[in-house]
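So the structure is just underneath, and the comments pick up after that.
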Amino acid sequence: MTRVDEREQVAAYIGLGSNLGDRAAYLTQARRLMSKLGRVVAESHIYETEPWGVDPDQPRYLNQVVRLETSLAPRDLMSKLLDIEAQLGRIRGVAGDSRVIDLDILLYGDAVIDEPGVQVPHPRLHLRSFVLAPLVEIAPDLVHPVLGRRVVELLGETGSDEVTEWQGGR
């Protein structure tokens, strides 16, 4: 497994989403398992949203963003996140299907990576208020490394009307 220099910890922002089963429990389990990949130093509240870019008849999503300090290289981190999805019962089928858990690397330090299986920043990050709202909560001044703009500005452009804080807790 490739690691960043053992002393070097990189801030990776991970998006979590679930719209099947006990959605909040899946987010909790994913956060617990991610803590084995580094140190979770910040986590947003949980937000509830309508499905975006998929069948609108799907159940509503719970979404959250965490900041993970990790020494794992991006490809290794993505592999471990996919392992966590599988552990929690995600079966990958058709893109856009409902899922018990979805874990995406949104940002990895200021890295820009475009390789098969790993794209950082997430290619649709700037379009998705359901990811930007929780990201802004924990890191409003974070700058998108490709667009050169603060995430709070990007959220202002997407609108956050459809993103509401979930009343079930963190």
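Since we're looking at a predicted model, the values are computed, not measured. Basis for what follows: all heavy atoms, side chains included, without hydrogens, waters or symmetry-related copies.
- Between the CG atom of Leu62 and the CG atom of Leu20 there is a distance of 11.0 Å, given to the nearest 0.5 Å.
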For Met34 and Leu81: C-alpha separation, side-chain torsions, deciding distance, then whether side chain to side chain contact (heavy atoms under 4.5 Å, CB included) applies.
CA-CA 8 Å; Met34 276 192 294; Leu81 293 174; 3.8 Å; yes

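- When each of Leu132, Leu125, Leu127, Leu142 is tested with Leu154 by the rule side-chain contact (heavy atoms from CB on, under 4.5 Å), just one qualifies, namely Leu132.
- Smallest separation of non-hydrogen atoms from Ala139 and Val151: O-CG2, 3.3 Å.
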Go through the steps to decide whether Val10 and Leu77 satisfy the test side chain to side chain contact (heavy atoms under 4.5 Å, CB included), and finish with yes or no.
CA-CA 11 Å; Val10 176; Leu77 177 58; over 6 Å; no

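- For the atom pair Asp102 CG and Leu88 CG, the distance stands at 12.0 Å (nearest 0.5 Å).
- Ala24 and Trp166 get closest at one heavy-atom pair: CB-CH2, 3.4 Å.
- We find the OH-CG distance between Tyr13 and Leu68 to be 10.5 Å, quoted to the nearest 0.5 Å.
- Other residues, nucleotides and ligands contribute over 12 non-hydrogen atoms within 6.0 Å of the CZ atom of Arg149.
- Remark: the backbone N or O of Arg60 is not paired with any side-chain donor or acceptor of Asn19 at under 3.5 angstrom.
- Ser44 contributes a side-chain N or O that, together with a main-chain N or O of Val65, makes up a donor-acceptor pair within less than 3.5 Å.
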Kindly indicate, with the supporting measurements, whether the criterion salt bridge (charged side-chain N to carboxylate O under 4.0 Å, His left out) is fulfilled by Glu48 and Arg23.
CA-CA 10 Å; Glu48 188 168 34; Arg23 303 170 300 166; 3.0 Å; yes

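- Side chain of Ser71 to main chain of Gln9: no donor-acceptor pair is present (N/O by atom type, distance under 3.5 Å, no hydrogens or angles).
- Annotation: the span from Ile84 atom CD1 to Ile14 atom CD1 amounts to 9.0 Å, rounded to 0.5 Å.
- Minimum heavy-atom separation, Ala30 to Leu103: CB-CD2, 4.0 Å.
- In this structure a side-chain-to-backbone donor-acceptor pair under 3.5 Å is missing from Ser129 to Thr158.
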Could you pull out all donor-acceptor pairs under 3.5 Å where a side-chain atom in residues 113-120 meets a protein atom, sequence neighbours excluded?
from, atom 1, to, atom 2, distance (Å)
Asp114, OD1, Gln119, NE2, 3.1
Glu115, OE1, Arg75, NH2, 2.9

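- Distance check: His122 NE2 to Asp104 CG gives 4.0 Å after rounding to the nearest 0.5 Å.
- At distances below 3.5 Å, not a single donor-acceptor pair connects side-chain atoms of Asn63 with backbone N or O atoms of Val131.
- Annotation: Asp110, atom CG; neighbour count of heavy atoms from other residues, nucleotides and ligands within 6.0 Å does not exceed 12.
- Taken from CD1 in Ile138 to CD in Glu43, the straight-line distance is 8.5 Å, to the nearest 0.5 Å.
- For the pair Arg31 (side chain) and Leu16 (backbone), a donor-acceptor distance under 3.5 Å is absent.
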